[in-house]
Amino acid sequence: AGKTTLMSCILGDKKASSGQVFIKGKKGKAQDQIAVLLQENTIPSQLRVKELIAFFQDISENGLSKEEIQALLQFKDDQYQQFADKLSGGQKRLLAFVLCLIGKPDILFLDEPTIGLDVSVKDNIRRAITQINQEEETTILLTTHDLSDIEQLCDRIFMIDKGQEIFDGTVSQLKETFGKMKTLSFDLTPGQNHLVSHYEGLPDMSIDRQGNTLNIEFDSSRYQSADIIKQTLSDFEVRDLKMVDTDIEDIIRRFYRKEL
């Protein structure tokens, strides 16, 4: 899509063939203002955790305090004495992330920060990202294939395809603009296989029936959910129903397939 090339231009690793990069209103590289967390952990393995932290504190002016670092890491006392290569994969990732934060960068670039991590470590990293953004007002550029990262963390989404901008806005704007297809799921009382939905065959309407579950996908710009519920309650005896939220992953997938 071009996101890696774009980030390389921002970092000054590549020269843009056209256009210019401005950091905080000034033209130039961001290397003295930005911290980068690459997808692969690159932590020196022969240093203890406490030694790594001390080193990054020594080279940082007005960096994070010991207490702030401990609050972000939430390591046990014995883990600070361990060599970095003895940590679990998730702990190494969390440590690498916090080391990036020690110098209080103006801009933080995170490349797939939660990829391959278990739920608890993901939650810790997401919590730390939110905390550093709110408390230090750090600008965070995030590339990820985990769309739950986007929904939970991002105020703004910038989508590119073949180097061209195709969307720039919030998650809510993305859903409002392109998430018009919604789904109502009905749990039907058994014994109604002979009955047919009133909406079978209508345009911008998709009917999926599996056993006693009836899913009606519809274009919310053409149909009202209240009308569909009322009609379906007339067509069938219903035990329960729910509205399925717009799936951002499906929106983005259809976006790149040119279906939106």
Side-chain angles (χ1 to χ4, degrees), residues 3-14 21 23-24 28-76 79-80 82-146 148-150 152-156 158:
K3 66 180 185 299
T4 301
T5 301
L6 175 61
M7 294 313 305
S8 295
C9 292
I10 294 174
L11 291 170
D13 295 333
K14 291 184 178 180
V21 175
I23 306 298
K24 299 177 70 173
K29 301 177 181 179
Q31 290 175 331
D32 59 341
Q33 306 170 58
I34 195 168
V36 182
L37 179 65
L38 300 175
Q39 189 169 332
E40 296 295 330
N41 294 327
T42 54
I43 301 176
S45 60
Q46 299 306 312
L47 290 176
R48 299 180 190 275
V49 172
K50 66 176 184 178
E51 294 171 336
L52 279 167
I53 292 172
F55 171 74
F56 276 82
Q57 284 182 305
D58 287 344
I59 64 174
S60 303
E61 294 184 9
N62 301 316
L64 295 179
S65 67
K66 178 181 178 181
E67 292 72 26
E68 288 173 319
I69 294 169
Q70 289 175 338
L72 290 169
L73 280 175
Q74 296 188 354
F75 278 3
K76 297 178 181 178
Q79 290 177 307
Y80 290 97
Q82 291 183 3
F83 287 100
D85 63 347
K86 298 301 182 182
L87 298 173
S88 69
Q91 290 167 347
K92 288 179 184 177
R93 190 64 170 163
L94 181 57
L95 176 60
F97 170 66
V98 173
L99 292 177
C100 288
L101 302 180
I102 289 178
K104 296 184 178 180
D106 295 324
I107 303 168
L108 179 62
F109 171 48
L110 306 177
D111 187 12
E112 301 284 0
T114 64
I115 190 170
L117 302 180
D118 62 37
V119 173
S120 62
V121 179
K122 279 187 179 184
D123 286 344
N124 283 341
I125 289 181
R126 288 170 178 164
R127 172 186 51 78
I129 290 173
T130 301
Q131 181 178 335
I132 205 74
N133 173 250
Q134 293 177 348
E135 295 181 1
E136 302 296 335
E137 297 185 347
T138 304
T139 297
I140 299 172
L141 302 178
L142 173 75
T143 66
T144 181
H145 286 88
D146 187 337
S148 59
D149 280 349
I150 294 174
Q152 293 185 38
L153 297 172
C154 297
D155 296 321
R156 179 180 176 186
F158 186 71

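Everything quoted here is computed from the prediction, not taken from an experiment.
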d(Phe75 CZ, Leu87 CG) to nearest 0.5 Å is 5.5 Å
About how many Å separate CD1 of Ile115 and NZ of Lys122, when rounded to the nearest 0.5 Å? 9.0 Å
Enter the distance from Arg127:CZ to Gln74:CD here, rounded to the nearest 0.5 Å. 4.0 Å
Say whether, by atom type as modelled, one donor and one acceptor occur between the side chain of Asn133 and the main chain of Thr138 under 3.5 angstrom. yes
Picking from Gln57, Lys104, Gln70, what satisfies side chain to side chain contact (heavy atoms under 4.5 Å, CB included) with Leu64? Lys104
Just wondering, are more than 12 heavy atoms of other shown residues or ligands nearer than 6.0 Å to CG in Asp58? yes
Closest heavy-atom pair and its distance - Gly89, Leu117: O-CD2, 4.4 Å
Student check: side-chain heavy atoms of Arg126 and Ser148 closer than 4.5 Å: yes
Step through the shown structure and confirm whether more than 12 heavy atoms of other residues, nucleotides or ligands are within 6.0 Å of CZ on Phe158. yes
Let me see the working for Ile125 and Leu94 under side chain to side chain contact (heavy atoms under 4.5 Å, CB included), right down to the final yes or no. CA-CA 6 Å; Ile125 289 181; Leu94 181 57; 3.7 Å; yes
Apply side chain to side chain contact (heavy atoms under 4.5 Å, CB included) to the pair Leu95 and Leu73, showing each step before the final yes or no. CA-CA 7 Å; Leu95 176 60; Leu73 280 175; 4.3 Å; yes
Does any non-hydrogen side-chain atom of Leu72 lie less than 4.5 Å from one of Ile69? no
Name all residues meeting the side chain to side chain contact (heavy atoms under 4.5 Å, CB included) criterion together with Phe83; count only those two or more places apart in sequence or in a different chain, and write none if there are none. Arg48, Asp85, Lys86
Could you walk me through whether Val121 and Phe97 pass the side chain to side chain contact (heavy atoms under 4.5 Å, CB included) check? CA-CA 11 Å; Val121 179; Phe97 170 66; over 6 Å; no
Nearest 0.5 Å please: distance from the CD1 atom of Ile132 over to the CD1 atom of Ile140. 7.5 Å
Hey, could you give me the CD1/CG distance between Ile34 and Leu108, rounded to the nearest 0.5 Å? 7.5 Å
dist Asp146:CG -> Gln152:CD (nearest 0.5 Å) comes out at 8.0 Å
What I want to check is whether the side chains of Asp118 and Ser120 have a donor and an acceptor closer together than 3.5 Å. yes
Can any side-chain N or O of Arg93 pair as donor or acceptor with the backbone N or O of Thr114 at less than 3.5 Å? no
Would Val98 and Phe56 satisfy side chain to side chain contact (heavy atoms under 4.5 Å, CB included), going step by step from the backbone distance to the final call? CA-CA 10 Å; Val98 173; Phe56 276 82; over 6 Å; no
